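Owing to the predicted nature of the structure, the values given are computational and were not obtained by experimental measurement. Every chain is numbered from 1, with letters handed out A, B, ... down the list of sequences.
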Protein chains: 2
Amino acid sequence: MPILSESRKKNRVTLLDVARYASVSRATASLVIRKSPLVSTETRAKVEAAMKELGYVYNMGAARLRADRSLTIGVVIPNLVNPFFTELLAGIDRIIDAAGMVVILVNSRDLVTRQETLLTRMREHGVDGIILCPAAETEMLLVERMVEWELPLVQVLRRVSDDCDYAGVDYALGMRQAVDHLADLGHRDIAFALHGPVHSAYQERVDGFRDAMDARGLDPGNIIRVPNHIAEIAEAAPLFVSGSRRSSAVVCFNDVVALGLSAGFYDIGMTVGRDFSLVGFDDVADAEAMRPRLTSVATFPEAIGEGAAKLLLDRLDKPDLAPRKLVNAPQLHIRQSSAFWQGGVGGRAQNAG
Amino acid sequence: MPILSESRKKNRVTLLDVARYASVSRATASLVIRKSPLVSTETRAKVEAAMKELGYVYNMGAARLRADRSLTIGVVIPNLVNPFFTELLAGIDRIIDAAGMVVILVNSRDLVTRQETLLTRMREHGVDGIILCPAAETEMLLVERMVEWELPLVQVLRRVSDDCDYAGVDYALGMRQAVDHLADLGHRDIAFALHGPVHSAYQERVDGFRDAMDARGLDPGNIIRVPNHIAEIAEAAPLFVSGSRRSSAVVCFNDVVALGLSAGFYDIGMTVGRDFSLVGFDDVADAEAMRPRLTSVATFPEAIGEGAAKLLLDRLDKPDLAPRKLVNAPQLHIRQSSAFWQGGVGGRAQNAG
DNA sequence: CAACCGAATTAGATCGATCTAAATTGTCGC
DNA sequence: GCGACAATTTAGATCGATCTAATTCGGTTG
């Protein structure tokens with residue numbers, strides 16, 4: 001257990017020191033810090049001068065104890081390395097920071113047991129609220145327990161309970177945009193490539209794909225799981241263009257899958273955006289940077305992060321607000337990886353040839 | 001200013017409640033929590049049962065006030081979206097988490113004034129220590145001031161002062177590996193592509209490139225700045241293969257630059273790894289995922305994060321340790337983007353043709 | 001049996017702020 | 001000149017833990 005140097009605590013300047021130096025009471029000094037309108041301009045100036053003079057540092061810890069407010073919020077993310085979550089985090093940070101609060105960040109690594117521990121830890125640290133992207137297989141119970149604890153909670157991206165705020169994406173709409181785009185280009189054999197742990201967003205994307213295909217009168221049955229690790233996804237590319245069920249286009253669960261498959265098609269000598277069409281999901285920065293540039297459904301993670309943070313701030317203000325949902329509309333970003341159906345190649349080749 | 005619901009504070013279970021329930025004193029209950037060996041097994045069991053029974057939640061805030069220790073560390077990162085920093089963060093998180101502490105994360109956006117504010121805020125929050133990747137143009141003074149504050153500090157990746165721990169990379173060695181590799185492949189006209197704000201790591205990379213070129217008897221003068229934003233880097237590719245000073249290979253400041261240039265060469269119809277060689281720096285996940293796969297100097301950001309966190313934990317333990325430096329050796333990861341010099345193409349074309 | 005010991009327990013002060021309720025000051029109307 | 005009133009200021013209790021300096025107690029020991 002780390003111990004702090006003795007000297008640090010010895011010569012710490014407290015509010016009492018400031019008050020004495022400015023010849024006012026501790027209470028008045030406290031009012032000045034909190035920018036209360038109750039103190040006169042004159043006194044305020046005197047105290048502020050004293051604070052500067054003595055090098056006073058506000059002690060949040062003490063304030064928190066008395067006021068039961070920590071200006072701290074917890075953020076639980078299942079995966080730090082995925083750029084999608086990073087952008088989400090950047091959005092959260094922007095809003096929380098602007099509100100003068102700070103973020104305590106933890107990484108659940110998508111493990112429910114770890115998540116449990118972490119939530120307890122946040123509670124012990126006295127966070128004012130939590131933004132949670134629930135680990136896969138999180139039980140509804142967890143969220144309900146937190147509501148019971150009266151710890152303000154916002155679910156983000158993934159949804160476990162309806163009794164609690166949520167900021168996410170209209171995945172169904174996104175899938176419709178992707179499928180409609182490919183269908184409009186003439187594709188009929190459209191596959192879906194997915195991976196990763198199962199959670200509400202996963203389910204909504206899959207269902208969204210199915211519904212969108214149905215709506216266009218296409219067969220939504222060609223759903224293929226690819227490896228979870230990015231470097232191995234490429235190896236799955238042949239699955240889409242060989243065997244009994246060939247496709248001419250694939251909608252990807254996210255951009256990571258799309259990036260991997262794009263590499264995979266390159267490896268087997270197929271040119272994405274000509275021989276085969278690919279649509280990603282999320283539109284992370286790589287979509288624009290890779291070649292061919294990736295057509296992708298933008299989900300604006302940063303905006304979602306901002307939305308989630310705002311929901312939380314609202315709730316801190318009014319704890320009794322009814323649960324709210326913030327469902328962002330995604331937007332298809334057409335680039336080079338999707339092209340008109342060519343016949344001759346892919347699943348329709350036999351019919352067309 | 002967010003206010004918490006009244007009820008929350010009303011019915012909170014405190015250590016006193018637990019003590020009463022277990023019919024022991026507050027002090028004893030406190031000892032149990034802190035796993036002191038002073039209490040008898042019997043009493044310990046009694047108290048632990050009471051805690052469970054009453055649903056007691058430890059109040060770090062109160063403990064921190066008295067014990068002057070917060071089990072919290074601050075991490076200041078200049079850019080959340082860069083995957084390199086994310087991996088770094090993951091490494092830090094792993095170690096800090098294992099030590100039972102949590103990370104307060106803030107984003108300086110590479111602005112010194114913001115960084116200033118954030119450091120003050122961390123101090124007010126009573127973090128036990130700070131891991132700082134200094135924003136560009138941070139003055140040495142800042143770090144020295146923090147040492148004076150007796151706030152344990154570890155610099156990471158970028159170095160501003162020698163009076164303070166530092167965890168980073170041997171950039172000079174990395175550049176030597178990159179240059180030697182290309183030189184061994186027969187390249188003589190090797191350019192350097194850089195971008196971004198100027199800081200110690202920037203300088204060390206540039207100097208490293210120059211020295212490495214000198215050591216091989218090559219002219220290190222072809223250093224070109226490319227745009228900062230990833231989507232625009234591609235446009236800079238022609239600069240390397242046209243004009244008076246053509247090159248056959250380029251060493252990149254980091255993988256973001258490499259990724260951008262790789263796209264740029266694709267756009268002008270050149271095949272990286274055949275017509276032109278490219279070596280990245282950092283070896284982020286994309287290096288393996290892109291096509292052609294990127295030869296890159298791995299700097300192991302996650303390991304550096306772990307190293308930095310360990311340095312900090314050590315220092316918390318022994319504040320009077322002399323400043324230490326942890327300089328990781330990078331490692332060249334050869335993939336597809338670098339190939340033998342072809343003559344006929346690139347800078348040497350005229351000589352060879 | 002008194003003195004002493006170590007192990008276990010505890011009362012009470014304390015950390016540094018905020019909150020409550022009351023005191024102080026100055027101003028105004030009559 | 002006095003009470004009413006608003007504007008400031010303040011003393012003292014308080015948040016929930018930890019720390020210090022005892023105290024208790026069963027068991028040895030001389």
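Rounded to an integer number of Å, the gap from Arg69(A) CZ to dG16(D) P is 15 Å. Regarding Arg12(A), its CZ atom lies at a distance of 13 Å from the C1' atom of dT14(C), rounded to whole Å. One can place CG of Leu65(B) at 8 Å from C1' of dA17(D), the figure rounded to the nearest angstrom. Whole-Å rounding puts the Leu16(A) CG to dT14(D) P distance at 19 Å. As a whole-Å value, the separation of Leu71(B) CG from dT18(D) C1' is 14 Å. Rounded to whole angstrom, the span from the CZ atom of Arg64(A) across to the P atom of dT18(C) amounts to 13 Å. Distance, Tyr58(A) OH to dG16(C) P: 14 Å, rounded to whole Å. For the pair Asn59(B) CG and dA17(C) C1', the computed distance is 14 Å after rounding to whole Å.
Of the listed residues (Val160(A), Leu132(A), Ile131(A), Leu311(A)), just one forms a side chain to side chain contact (heavy atoms under 4.5 Å, CB included) with Gln155(A), and that residue is Val160(A). Residue Ile130(A) forms a side chain to side chain contact (heavy atoms under 4.5 Å, CB included) with just one option from Leu119(A), Ile104(A), Leu312(A), and that option is Leu119(A).
Distance alone, capped at 3.5 Å, places no donor-acceptor pair between the Thr86(A) side chain and the Val81(B) backbone. Side chain of Arg315(A) to backbone of Pro319(A): a donor-acceptor contact under 3.5 angstrom is found.
Counted by atom type alone, Thr117(B) and Arg121(B) present zero donor-acceptor pairs between their side chains at under 3.5 Å.
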Handout entry: Where protein sits on nucleotides 22-28 of chain C, one letter per nucleotide: B base, S sugar-phosphate only, - none, heavy atoms under 4.0 Å
Key = -------
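Between Lys46(A) and Glu53(A) there is no salt bridge, since no side-chain N of the basic residue sits under 4.0 Å from a carboxylate O of the acidic one. Taking 4.0 Å as the cut-off between side-chain N and carboxylate O, Asp110(A) and Arg158(A) count as a salt-bridged pair.
Remark: Arg69(B) CZ to Met101(B) CE distance equals 9.0 Å, nearest 0.5 Å.
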Practice task
Starting from the C-alpha separation in whole Å, work towards a yes-or-no answer on salt bridge (charged side-chain N to carboxylate O under 4.0 Å, His left out) for Arg159(A) and Asp165(A).
Solution key: CA-CA 9 Å; Arg159(A) 176 173 11 193; Asp165(A) 293 329; over 6 Å; no
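Distances were taken from every side-chain heavy atom of Ala63(B) (C-beta onward) to each of dC19(C), dA17(D), dA17(C); the shortest belongs to dA17(D).
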Look for any protein N or O under 3.5 Å of an N or O in nucleotides 4-12 of chain D and output each such pair with its distance, or none.
| unit_1 | atom_1 | unit_2 | atom_2 | d |
| --- | --- | --- | --- | --- |
| dT9(D) | OP1 | Ser40(A) | OG | 3.3 |
| dT9(D) | OP1 | Thr43(A) | OG1 | 2.4 |
| dT9(D) | OP2 | Ser40(A) | N | 3.1 |
| dT9(D) | OP2 | Thr43(A) | OG1 | 3.3 |
| dT10(D) | OP2 | Ser25(A) | N | 2.8 |
| dT10(D) | OP2 | Ser25(A) | OG | 3.3 |
| dT10(D) | OP2 | Thr28(A) | OG1 | 2.7 |

